[in-house]
Amino acid sequence: MSNEYSNLEQVRLEKIEELRAEGIEPYPHRVERTHTSVEAVQAFEAVENDENPEEIQATLVGRLRSMRPMGKISFAHIEDGHGRIQLFFRANDIGKEQIDFFNHAFDLGDFIQASGRIFRTRTGEISIWVESFRMLSKAVTPLPAAKDEVVDGEVIQHATLADPETRFRQRYADLAVNADVRKIFRTRAAIVRALQNFMDDNEFLEVETPILQPIYGGAAAEPFVTHHNQLKQELYLRISFELYLKRLLVGGFERVYEIGRDFRNEGVSFKHNPEFTQLEFYWAYADYNQVMELTENMLAFVADQVFGKRTFTFQGHEINLDPPWERIELRQGLIDATGIDINQHMTAESLAAAMKTKGIEVKPDSARGKLIDALISNHLEPNLIQPTFLYNYPRDISPLAKSILGDPTTVERFEGFLGGMELCNAFTELNDPLDQEARFLEMGRDYAEDDEERHPMDDDYLRAMRYGMPPNGGFGMGIDRLTMLLTDQHSIREVILFPHLRSKE
RNA sequence: GGGCGCGUAGCUCAAUGGUAGAGCAGUGGCCUUUUAAGCCAUUGGUUGCGGGUUCGAGUCCCUCCGCGCUCACCA
């Protein structure tokens with residue numbers, strides 16, 4: 001971007017000069033306000049049916065969203081953080097000069113302070129009969145919005161900002177003109193708050209663990225690398241919270257959770273952003289069955305608290321969050337979906353061969369775990385619309401989970417699916433330090449040097465485990481995806497305020 | 001990273017290879033209860049950047065930049 005101004009901007013810059021020439025500061029320091037738009041409406045409605053209604057004086061502030069000058073009167077709408085309200089200006093009250101001043105000096109997008117009494121117009125709209133007004137902040141760039149109308153309290157927009165690139169690069173403008181976008185982020189905040197309430201109610205302690213980590217771990221992902229100058233130390237942005245949260249169980253906390261940002265140096269798509277928000281919790285003395293139940297209750301709680309109902313629509317599907325969710329054993333699910341029994345194919349070669357006979361494309365040299373992952377993603381996940389748990393996963397894609405009793409090749413792990421998307425991942429956590437050390441070595445051996453699935457050895461984590469870690473169940477869930485599901489958004493960029501985009505210059 | 005598509009005024013969009021337009025916004029004027037207010041007039045463009053083909057390119061071809069969809073990878 002350069003600092004060249006468009007014609008529209010030049011006009012507004014001239015208006016700023018005119019204001020200053022008249023001794024009017026277009027960006028004053030102090031603001032007065034007695035009512036929000038919503039409070040003004042409520043205050044008026046509370047008294048308007050009285051026998052001798054009390055006259056209510058109010059001072060409101062907001063951004064000009066529409067102006068309808070009609071000669072010696074003017075109508076305008078301002079929008080504040082709560083809603084919209086109409087302003088009514090009349091030459092009889094404030095003089096022709098003031099009407100002209102308003103019409104000329106003010107533009108859509110400017111912030112204004114207006115005082116007057118609250119009344120109802122002939123057409124029935126509660127409005128402010130303006131007696132005085134002043135500029136609070138002059139907008140130089142016009143908002144990228146055309147006209148909109150209010151029908152039954154709903155703002156209907158006509159040809160508003162729609163280009164996704166501009167919307168995400170200039171989210172401030174997107175938010176300023178698209179009320180439904182603001183609503184998504186209010187809902188997102190409510191979802192996070194509800195999750196915190198639920199975890200707190202269940203006596204989980206909210207904690208914060210390092211984002212800058214000398215050794216990354218807890219997930220199969222490529223990290224971002226950074227560097228501490230003074231310490232001359234390579235550091236990684238975390239790819240999960242897992243290993244630090246489980247250290248806290250060693251430290252004596254029984255239930256901990258964290259809601260925060262993870263960073264994964266991988267592809268960007270409609271459901272992947274390089275940084276995304278996770279909820280993880282670890283629960284001592286619980287196993288994955290108890291975590292499954294808590295998960296169902298957690299999502300029902302969120303739905304109740306945020307929406308007051310447990311059914312919602314996602315991309316045309318009616319989804320019901322009432323517990324219990326459907327439970328499908330992964331092995332059986334894959335047999336039903338593909339006819340392949342993964343237990344009959346304990347090597348990558350055998351499984352790849354079976355997949356090829358079924359006409360399923362196989363990436364060469366894939367490890368068995370990666371092949372199973374591919375089967376889940378391509379043949380199971382898209383059909384899991386209603387809330388479903390897939391459980392009992394192969395050990396070789398779950399280096400931090402505990403094996404099933406009597407079956408060392410399978411671990412007590414489940415993933416929760418909703419709307420055809422993986423939403424959460426949990427397991428009975430491995431707490432045997434010797435077993436864990438063997439798994440780390442195995443993960444290091446089985447994958448190529450540059451394979452992102454390769455897990456680095458975390459000696460400090462192993463030391464923590466050797467002090468004794470209580471049996472526990474762990475859980476991770478993507479908050480962005482949960483928000484997508486609950487707000488019916490197809491793209492993760494719609495639920496992240498400032499999604500990652502390539503630099504333009 | 002691969003494939004497909006897109007990029008025109010502040011915004012939303014037009015324009016058989018032949019003078020780049022419309023609505024809204026803006027500017028000037030009329031208008032004392034409007035609400036996508038209305039009426040009259042009017043400004044506004046290096047068509048993402050750079051090359052090429054052609055008498056002539058928004059349009060066809062190529063490079064680059066960005067975005068979207070999709071595949072791969074992942075949560």
Side-chain angles (χ1 to χ4, degrees), chain A residues 5-12 14-15 65-77 84 86-93 96 99 103-104 107-109 119-125 127 129 139-151 155-169 173 177 219-222 239-240 262-278 280 361 363 366 370 373-374 377-378 381 415-417 421-425 451-453 476-482 484 490-493 499 501-505:
Chain A
Y5 291 105
S6 70
N7 294 339
L8 300 182
E9 289 169 326
Q10 283 168 12
V11 167
R12 290 173 177 222
E14 284 164 18
K15 290 181 181 181
R65 292 309 309 276
S66 71
M67 294 171 71
R68 290 181 296 282
M70 300 179 63
K72 297 191 181 63
I73 62 167
S74 273
F75 291 92
H77 273 98
R84 288 190 184 200
Q86 183 169 251
L87 304 181
F88 174 58
F89 303 76
R90 202 176 65 156
N92 287 20
D93 309 301
K96 184 70 165 69
I99 292 280
N103 293 342
H104 176 74
D107 289 292
L108 297 180
F119 77 114
R120 200 182 273 278
T121 63
R122 279 179 204 167
T123 52
E125 179 165 351
S127 310
W129 195 304
V140 174
T141 305
L143 290 174
K147 291 188 177 182
D148 48 30
E149 58 179 321
V150 179
V151 176
V155 176
I156 297 176
Q157 294 167 323
H158 299 275
T160 190
L161 180 66
D163 173 43
E165 181 173 357
T166 311
R167 287 187 47 228
F168 299 143
R169 283 192 197 281
V177 302
E222 189 73 12
I239 59 172
S240 86
D262 272 339
F263 306 85
R264 299 193 182 174
N265 205 338
E266 289 159 356
V268 178
S269 82
F270 73 94
K271 54 178 172 173
H272 298 89
N273 195 63
E275 50 182 297
F276 64 101
T277 302
Q278 282 249 110
E280 284 192 30
E361 209 172 306
K363 261 189 72 178
S366 291
K370 282 199 160 187
D373 250 2
S377 309
N378 296 328
E381 180 170 345
E415 293 188 311
F417 295 85
M421 274 200 298
E422 182 189 335
L423 178 66
C424 59
N425 178 25
D451 193 313
E452 65 193 30
E453 301 274 347
M477 177 171 70
I479 303 297
D480 313 283
R481 288 197 182 170
L482 177 63
M484 288 168 67
H490 171 70
S491 168
I492 197 168
R493 299 182 192 99
L501 297 177
R502 227 176 229 108
S503 307
K504 205 160 186 186
E505 298 307 322

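What you are looking at is a predicted structure, and each value in this text was computed from that prediction instead of being measured. Letters A, B, ... are given to chains in the order of the sequence lines, protein chains preceding strands, and every chain is numbered from 1.
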*Asks:* For A:His104, enumerate each residue passing the ring-ring contact (aromatic ring centres under 6.0 Å, His included) test, keeping only those at least two apart in sequence or located in another chain.
*Replies:*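 A:His104 satisfies ring-ring contact (aromatic ring centres under 6.0 Å, His included) with no residue once adjacent residues are dropped.
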*Asks:* For the side chain of A:His490, counting heavy atoms from C-beta on, which of B:rU70, B:rC67, B:rU33 is nearest?
*Replies:*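 Nearest listed nucleotide: B:rU70.
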*Asks:* Hunt down the Watson-Crick or G-U wobble partner of B:rC69, both distances under 3.5 Å, from any strand shown, or write none.
*Replies:*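 Pair assignment: B:rC69 / B:rG3.
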*Asks:* Which part of the nucleic acid, if any, lies within contact of A:Asn103, taking any heavy atom under 4.0 Å across all strands shown: a base, the sugar-phosphate backbone alone, or nothing?
*Replies:*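 Nothing: the residue A:Asn103, judged by heavy atoms under 4.0 Å, touches no strand.
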*Asks:* What contact category does A:Asp262 fall into here, base, sugar-phosphate, or nothing, at under 4.0 angstrom with non-hydrogen atoms?
*Replies:*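 It contacts nothing in the nucleic acid.
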*Asks:* For residues 66-74 of chain A, which side-chain donor-acceptor pairs fall under 3.5 Å, sequence neighbours excluded?
*Replies:*
| unit_1 | atom_1 | unit_2 | atom_2 | d |
| --- | --- | --- | --- | --- |
| A:Ser66 | OG | A:Arg68 | NH1 | 3.3 |
| A:Ser66 | OG | A:His77 | N | 3.3 |
| A:Ser66 | OG | A:His77 | ND1 | 3.3 |
| A:Arg68 | NH2 | A:Gln86 | OE1 | 2.8 |
| A:Ser74 | OG | A:Asn103 | OD1 | 2.8 |

*Asks:* Between B:rC62 and B:rG26, how far apart are the two P atoms, rounded to whole Å?
*Replies:*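 Each nucleotide's P atom is 42 Å from the other's.
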*Asks:* From the options B:rU33, B:rU32, B:rG66, select the nucleotide whose nearest atom is closest to the side chain of A:Phe75.
*Replies:*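 Looking only at heavy atoms from C-beta outward on A:Phe75, the closest nucleotide is B:rU33.
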*Asks:* With heavy atoms under 4.0 Å as the rule, sort A:Arg493 into base, sugar-phosphate or nothing.
*Replies:*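 Counting heavy atoms under 4.0 Å across all strands, the contact made by A:Arg493 is with sugar-phosphate only.
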*Asks:* For the P atoms, the ones on B:rU47 and on B:rU8, what distance do you get once it is rounded to whole angstrom?
*Replies:*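 Approximately 11 Å lies between the P atom of B:rU47 and that of B:rU8.
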*Asks:* Students often get this wrong, so: under 4.0 angstrom with heavy atoms, is A:Glu125 touching a base, only sugar-phosphate, or nothing?
*Replies:*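 Result for A:Glu125 = base.
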*Asks:* With sequence neighbours left out, what residues match A:Phe417 under ring-ring contact (aromatic ring centres under 6.0 Å, His included)?
*Replies:*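 With neighbours one apart ignored, the set is empty.
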*Asks:* For A:Phe88, give me all partners under ring-ring contact (aromatic ring centres under 6.0 Å, His included), at least two apart in sequence or on another chain.
*Replies:*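 Expected list: A:Phe75, A:Phe119, A:Trp129.
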*Asks:* Please pick, from B:rG68, B:rU33, B:rG66, the nucleotide with the shortest atom-to-atom distance to any side-chain atom of A:Arg502.
*Replies:*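 For the A:Arg502 side chain, the nearest candidate turns out to be B:rG66.
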*Asks:* Counting side-chain heavy atoms from C-beta on, which of B:rU32, B:rA75, B:rU27 comes nearest to A:Lys72?
*Replies:*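 Ranking B:rU32, B:rA75, B:rU27 by closest atom to the A:Lys72 side chain puts B:rU32 first.
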*Asks:* Using a 4.0 Å heavy-atom cut-off across all strands, classify A:Phe270 as base, sugar-phosphate, or nothing.
*Replies:*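 Touches sugar-phosphate only.
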*Asks:* Once each nucleotide of nucleotides 39-48 of chain B is scored for protein heavy atoms under 4.0 Å, what B/S/- sequence comes out, 5' to 3'?
*Replies:* -----S----
*Asks:* Across all strands, who's sitting opposite B:rU8 as a Watson-Crick or G-U wobble pair, both distances under 3.5 Å?
*Replies:*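 Looking at the geometry, B:rU8 pairs with no nucleotide.
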*Asks:* Just the atom pairs and distances: protein N or O near nucleotides 36-38 of chain B's N or O, under 3.5 Å.
*Replies:*
| unit_1 | atom_1 | unit_2 | atom_2 | d |
| --- | --- | --- | --- | --- |
| B:rA36 | O5' | A:Glu149 | OE1 | 3.2 |
| B:rA36 | N1 | A:His158 | ND1 | 3.4 |
| B:rA37 | OP1 | A:Lys147 | NZ | 3.4 |
| B:rA37 | OP2 | A:Arg68 | NH1 | 3.3 |
| B:rA37 | N6 | A:Pro69 | O | 3.4 |

*Asks:* Just to be sure I understand the rule, does A:Ala162 reach a base, reach only the sugar-phosphate, or reach nothing, if contact means heavy atoms closer than 4.0 Å?
*Replies:*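 Sugar-phosphate, backbone atoms only, no base.
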*Asks:* A:Glu275: which residues meet the side-chain hydrogen bond (donor to acceptor under 3.5 Å, both in side chains) condition with it, sequence neighbours left out?
*Replies:*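 Expected list: A:Arg261.
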*Asks:* Any strand counts, and the cut-off is 3.5 Å on both contacts for Watson-Crick or G-U wobble. Which nucleotide pairs with B:rG26?
*Replies:*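 By the stated definition (distances under 3.5 Å), B:rU42 pairs with B:rG26.
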*Asks:* Using a 4.0 Å heavy-atom cut-off, does A:Lys96 contact any base of the nucleic acid, only the sugar-phosphate backbone, or nothing at all?
*Replies:*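 Nothing: the residue A:Lys96, judged by heavy atoms under 4.0 Å, touches no strand.
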*Asks:* Contact class for A:Gln86 vs. all strands (heavy atom < 4.0 Å): base, sugar-phosphate, or nothing?
*Replies:*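 A:Gln86: base contact, heavy atoms under 4.0 Å.
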*Asks:* Going by purine N1 to pyrimidine N3 plus the second Watson-Crick contact, or the G-U wobble pair, all under 3.5 Å, which nucleotide sits opposite B:rG50?
*Replies:*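 Its partner is B:rC62.
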*Asks:* Quantified in whole Å, what is the C1' atom distance between nucleotide B:rA9 and nucleotide B:rU34?
*Replies:*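 My reading of the C1' atoms in B:rA9 and B:rU34 gives 29 Å.
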*Asks:* Going by the rule side chain to side chain contact (heavy atoms under 4.5 Å, CB included), which residues pair with A:Pro499 if we only count those two or more places apart in sequence or in a different chain?
*Replies:*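 So A:Pro499 forms a side chain to side chain contact (heavy atoms under 4.5 Å, CB included) with A:Phe168, A:Arg171, A:Asn273, A:Arg493, A:Ile496.
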*Asks:* Could you tell me how far B:rU42 sits from B:rG50 if I compare only their P atoms? Round to whole Å.
*Replies:*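 Straight-line distance between the two P atoms is 33 Å.
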*Asks:* Can you tell me which nucleotide in B:rA72, B:rC69, B:rA75 comes closest to the side chain of A:Asn378?
*Replies:*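 Within the option list, the nearest is B:rA72.
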*Asks:* Using the salt bridge (Lys or Arg N to Asp or Glu O under 4.0 Å) criterion, which residues pair with A:Glu422? Sequence neighbours excluded.
*Replies:*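 Partners of A:Glu422 by the salt bridge (Lys or Arg N to Asp or Glu O under 4.0 Å) criterion come out as none, since no residue qualifies.
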*Asks:* Which whole number of Å gives the distance between the P atom of B:rC11 and that of B:rA25?
*Replies:*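 Per the computed distance, 15 Å lies between those P atoms.
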*Asks:* What interatomic distance, in whole Å, is found between C1' of B:rC30 and the corresponding atom of B:rG68?
*Replies:*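 Each nucleotide's C1' atom is 46 Å from the other's.
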*Asks:* Looking only at side-chain atoms of A:Lys15, point me to the closest of B:rG26, B:rU33, B:rG28.
*Replies:*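 Looking only at heavy atoms from C-beta outward on A:Lys15, the closest nucleotide is B:rG26.
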*Asks:* Given that both distances must come in under 3.5 Å, which nucleotide forms a Watson-Crick or G-U wobble pair with B:rA36?
*Replies:*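 Its partner: none found.
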*Asks:* Using the C1' atom on both, measure B:rC49 against B:rA14 and round to a whole Å.
*Replies:*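 One C1' to the other, the span is 24 Å.
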*Asks:* NA contact type, A:Leu501, heavy-atom cut-off 4.0 Å: base, sugar-phosphate, or nothing?
*Replies:*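 Sugar-phosphate: the residue A:Leu501, judged by heavy atoms under 4.0 Å, touches backbone atoms but no base.
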*Asks:* Taking B:rG17 as the reference, what is the distance to B:rC13 when you measure between their C1' atoms (whole Å, please)?
*Replies:*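 Those two atoms are separated by 22 Å.
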